[in-house]
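Read the structure below first, then the notes.
As a basis for the values below, the full set of heavy atoms in this structure was taken, side chains included, without hydrogen atoms, waters or symmetry mates. All values reported here derive from a predicted model rather than from experimental measurement.
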Amino acid sequence: MASSAAKQAPKAAPKGAGSAGASGGPPVMPLASPLMGKKKKPFLGMPAPLGYVPGLGRGATGFTTRSDIGPARDANDPVDDRHAPPGKRTVGDQMKKSQDDDDEDLNDTNYDEFNGYAGSLFSSGPYEKDDEEADAIYCALDKRMDERRKERRELREKEEIEKYRMERPKIQQQFSDLKRKLAEVSEEEWLSIPEVGDARNKRQRNPRYEKLTPVPDSFFSKHLQTGENHASVDPLQGLGGLNTPYPGNMTPGLMTPGSGELDMRKIGQARNTLMDMRLSQVSDSVSGQTVVDPKGYLTDLNSMIPTHGGDISDIKKARLLLKSVRETNPHHPPAWIASARLEEVTGKLQVARNLIMKGTEMCPKSEDVWLEAARLQPGDTAKAVVAQAVRHMPQSVRIYIRAAELETDVRAKKQVLRKALENVSKSVRLWKAAVELEEPEDARIMLSRAVECCPSSVELWLALARLETYENARRVLNKARENIPTDRHIWITAAKLEEANGNTQMVEKIIDRAISSLRANGVEINREQWITDAEECDKAGSVATCQAVIRAVIGIGIDEEDRKHTWMEDADSCVAHGALECARAIYAHALQVFPSKKSVWLRAAYFEKNHGTRESLEALLQRAVAHCPKAEVLWLMGAKSKWLAEDVPAARSILALAFQANPNSEEIWLAAVKLESENNEYERARRLLAKARSSAPTARVFMKSVKLEWVLGNIEAAQDLCSEALKHYEDFPKLWMMRGQIEEQCEHLEKAREAYNQGLKKCPQSVSLWLLLSRLEEGVGQLTRARSILEKARLKNPQSPELWLESVRLEYRAGMKNISNTLMAKALQECPNSGILWAEAVLLEARPQRRTKSVDALKKCEHDPHVLLAVAKLFWSERKITKAREWFLRTVKIDPDLGDAWCLFYKFEMQHGSTEQQEEVRKRCENAEPRHGELWCAESKHVLNWQKKTGEILKQVASKIKNTF
């Protein structure tokens, strides 16, 4: 006890001292600390390092109070989640689960010699920045190593998958061969396959439905007569409304007196009576005949089905949405209109009418709602609706127009429109509708009033001017110009009025004044609009006005360097629109501005040739050669026009003048020779050619000289001239061709072969020479030599479609169809865009494959005339007449110079067309004057056909064409 007291004594002393000090005694001074005299530590007062936790080194970590973590909970307390799964319903369960997750599985069974433990030994430690860098490095290494072995691994995995699928194939793969064999199963075998068995029991497989068979009245009446009880019906059961129980007795007439049983015969009679009554209710009250059509009853039912294409659910949604819009904003007119149209589309017309009438009550100032109501209502009701609309909107033009449309009598229409004009006198639409119903005299009076009410309407002024006399029309148009000084149509109408009354000299002045007046009033002169007005004047027959307008506006807004090009385009546009006088005026103005331009004169001459008369063409050509005397083609066109008119002396005089203007011109010399030879003046032609050979020797002059002697039968003279020509022009291939052909005609094959070979030495690039030599060898039976010639020609002239085509045809004519197909494939590879090769390829195919080949040909050569001609022949062979005619027309339109197309077209019309169509093709061919084509040149260049006209050659070639395609 003493020791304990001694131990407690020092503790008691401070208390006493504290109390003494508190009581007022002197305070006790503390003892001096042993650290007071030591040096101050250098880190005091400095900020703590990053991540420093006070006391962590000696284990004195921070503490947490209960207020920080909440009240303590027992392990058996339930968790907050009421519906937690088993094993997580108490606090202890969740703590145990988190502890298990935190503990690492470091058992030996989880250890691998290479990989170590399955889990991370340091997963519970902090994840710092250096750990993140290390993981990134390792990931990069792993990715690099994975790329090195990627191909080998994927190949191995693919082999393993294939091996696995081979060992364990799917059921679908096991039956794949059997599925492929299903294509060989016939229809009879397929139908003989038994149906799959049904695993249900017999009652489920064969359900027995209750069958109700109506029993005839005769059955009941027969058994009623025998008195059998089972044939009677209890009166208390009733007969579906046919009899009503009365107190005491049944309805009279249905019971047999004294028997107490039903009379089935009377029941049938009552049923027939009831049906007659119902039919009489729907009968026509006027004629007394029924309107029920038994045959058309189902058709009427089908017509009652709504024809909308939407889904029922969509219609319900739209109806609900529109109802919401109407209720939200009942004064919104489009909502009522849309609702009514929805009901109309779904077949509920009466609902639509009710809705739109409700809309007129909610939106009485909406034109659209009233017009929709008038549209939905029948005739008389619509008139009442429109009358009500007029009371609400007396200034609405559309409602008045609708009211006039509802009237069937013209007098009633006039009354409605006149009433409308009393209320809306400024409406141009109402005035126009009213004037259209009146007679000319009354219309003139109304228009006089209309222009007073609507002075700014050009249409009313012009309409009034048309109905007035000449003097009054001039006054009307002057007033119109005063009221509307910015409209060009009034000026153009005034010019047309003067022209119609013979004052053509005033037309030019009026148009010029119009341009100046409109410019003064600030109106921009739109050149395209004025040209369009000129085209309308041309179509209306006002030629002077049309030409005056063109002259006035043709040069507005165009730069000087663009004038010629723009004017030529304008002329072509007018021709395309059918305004020939406008085009003629444009050409005339262009020739005034460019009198020395040969191209303008030439285009004007072609225009007159195609759309004008012979006199106008000759007058134009006379002016042309006066301004452009060096233009040979203009002289030749004039001479040809005279020659076609059978005025040979005039043609000679024109050529004589051409000689003076163009001395030693080859074209004029040859034209003069042709003129004389065509008119059987052979001696004069010879003299002209001799003079030409001496004064202007050219290869063409020599060629024409040889040709003249050849066609006249002077073979020796032709050969001499040919030899002389070849001394001067040995590189002109046509001379070698003519020499060889003359020798062939004389049956000197060796000399012909020698001529062709010599010509090929001088002109190896001439495809025609190679073809003539090949055909010569083929004609004498030397197919091998012909093949070698064509191969050599292809080497000399690569990518030549004509040589490839001849090679293909050579093999085909020899019966080698396989070789010809192979050559065609090679040809299309070397010349993929050759139209003649694709056309031949289409015809070489069998009939079923021609359509596909033609599609390929059109893809490669869409606008090639040979391909289009092949397609036309394809449709012709399939007897598709309309399509074939369309493709023939396309062909001759794209290339009118292809004579073969005209010949085939004419042959087609001879078989399937009328006489008028045949004549039209012949005339178009004569106007086109074709000069090319394999079939065409074979006939036109034959020595026996040298004087035949285009139409004669056309008929001759068409007669030789056989439908072998």
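- Between Leu904 and Phe888, some side-chain heavy-atom pair lies under the 4.5 Å cut-off.
- Looking at heavy atoms from C-beta onward, Glu920 lies in side-chain contact with Arg924 at the 4.5 angstrom threshold.
- Panel note: side chain Asn797, backbone Pro764; a donor-acceptor pair is recorded below 3.5 Å.
- In the displayed structure, His611 atom NE2 is contacted under 6.0 Å by more than 12 heavy atoms of other residues, nucleotides or ligands.
- Shown here for Leu591 and Ala604, the closest heavy-atom pair between the two residues is CD1-CB, 4.1 Å.
- Looking only at atom types and distance, the side chain of Ser599 has a donor-acceptor partner in the side chain of Lys564 under 3.5 Å away.
- More than 12 heavy atoms of other shown residues, nucleotides or ligands fall within 6.0 angstrom of atom CD in Gln911.
- Note on Glu667 versus Arg700: salt bridge recorded, some NZ/NE/NH1/NH2 to OD/OE distance being below 4.0 Å.
- Between Lys762 and Glu730 a salt bridge is recorded (basic side-chain N to carboxylate O distance below 4.0 Å).
- Using a 4.5 Å heavy-atom threshold, the side chains of Arg614 and Lys609 count as separate.
- Shown here for Pro733 and Leu769, the closest heavy-atom pair between the two residues is CB-CD1, 4.2 Å.
- Counting only heavy atoms from C-beta outward, the side chains of Arg603 and Asp572 approach each other to under 4.5 Å.
- Side chain of Glu952 to backbone of Lys949: a donor-acceptor contact under 3.5 angstrom is found.
- The two residues Ala651 and Lys642 have their closest heavy-atom pair at N-CB, 3.8 Å.
- With sequence neighbours excluded, the residues forming a salt bridge (charged side-chain N to carboxylate O under 4.0 Å, His left out) with Glu683 are Arg686, listed by chain and number.
- Crowding of Gln947 atom CD: a count of heavy atoms from other residues, nucleotides or ligands under 6.0 Å exceeding 12.
- Side chains of Tyr682 and Asn680: a donor-acceptor N/O pair is present below 3.5 angstrom, by distance only.
- The aromatic rings of Trp876 and Phe908 sit perpendicular, their planes meeting at an angle over 60°, well past the 30° parallel limit.
- Residue-environment remark: OH (Tyr812) stays at or below the threshold of 12 foreign heavy atoms within 6.0 Å.
- Counting only heavy atoms from C-beta outward, the side chains of Pro930 and Pro896 never approach each other to under 4.5 Å.
- Ala717 and Glu709 make their closest contact through CB-OE1, 4.0 Å (heavy atoms, listed as atom of the first residue, atom of the second, distance).
- Expressed to the nearest 0.5 Å, how far CG of Leu844 lies from CE of Met824 amounts to 5.0 Å.
- Note that CZ of Arg890 and CG of Leu869 are 12.5 Å apart. Values are rounded to the nearest 0.5 Å.
- Put simply, the side chain of Glu743 never gets that close to the backbone of Lys751: no donor and acceptor are under 3.5 Å apart.
- For the residue pair Thr950 / Glu926, no side-chain donor-acceptor distance below 3.5 Å is found, with atom types taken as modelled.
- Between Lys796 and Gln765, the side chains place no donor N or O within less than 3.5 Å of an acceptor N or O (distance only, hydrogens not considered).
- Under the 4.0 Å criterion applied to side-chain N and carboxylate O atoms, Glu676 and Lys704 are not assigned as salt-bridge partners.
- Taking each heavy atom of Leu837 and Pro801 in turn, the nearest pair found is CD2-O, 3.8 Å.
- Under the 3.5 Å distance criterion, with hydrogens and angles disregarded, a donor-acceptor pair is assigned to the side chains of Ser807 and Arg794.
- To the nearest 0.5 Å, atom CD of residue Glu778 and atom CG of residue Leu771 are 11.0 Å apart.
- With hydrogens and angles left out, the side-chain atoms of Gln758 and Trp736 include no donor and acceptor closer than 3.5 Å.
- By the neighbour-count criterion of 12 heavy atoms within 6.0 Å, atom NE2 of His932 is sparsely surrounded, having that number or fewer from other residues, nucleotides or ligands.
- For Glu561, the CD atom counts as densely surrounded, since its 6.0 Å shell holds more than 12 non-hydrogen atoms of other residues, nucleotides or ligands.
- Here Arg847 does not pair with Glu878 in a salt bridge; the nearest charged N to carboxylate O distance is not below 4.0 Å.
- Between the side chains of Trp770 and Glu806, no donor N or O sits under 3.5 Å from an acceptor N or O.
- Ion pairing between Glu724 and Arg693 fails under the 4.0 Å rule for side-chain N and carboxylate O.
- Interatomic distance, NZ of Lys640 versus CD1 of Ile654, reported as 13.5 Å (0.5 Å rounding).
- Atom NZ of Lys948 has more than 12 heavy atoms from other residues, nucleotides or ligands within 6.0 Å.
- Between His627 and Trp601, the distance separating the two ring centers is shorter than 6.0 angstrom.
- Here the shortest heavy-atom pairing between Leu580 and Phe607 reads O-CZ, 3.5 Å.
- Side-chain contact, Tyr756 with Glu744: a donor N or O sits under 3.5 Å from an acceptor N or O.
- Of the inter-residue distances, the one linking Asp570 atom CG with His565 atom NE2 reads 9.5 Å to the nearest 0.5 angstrom.
- Geometric assessment of Arg931 against the ring of Trp936 yields a negative cation-pi assignment under the 6.0 Å and 45° thresholds.
- With hydrogens and angles left out, the side-chain atoms of Glu939 and Gln956 include a donor and acceptor closer than 3.5 Å.
- Under 4.0 Å is where a charged nitrogen must lie from a carboxylate oxygen, and between Glu608 and Arg584 at least one such pair does.
- The NZ atom of Lys598 lies 9.0 Å from the SG atom of Cys628; values are rounded to the nearest 0.5 Å.
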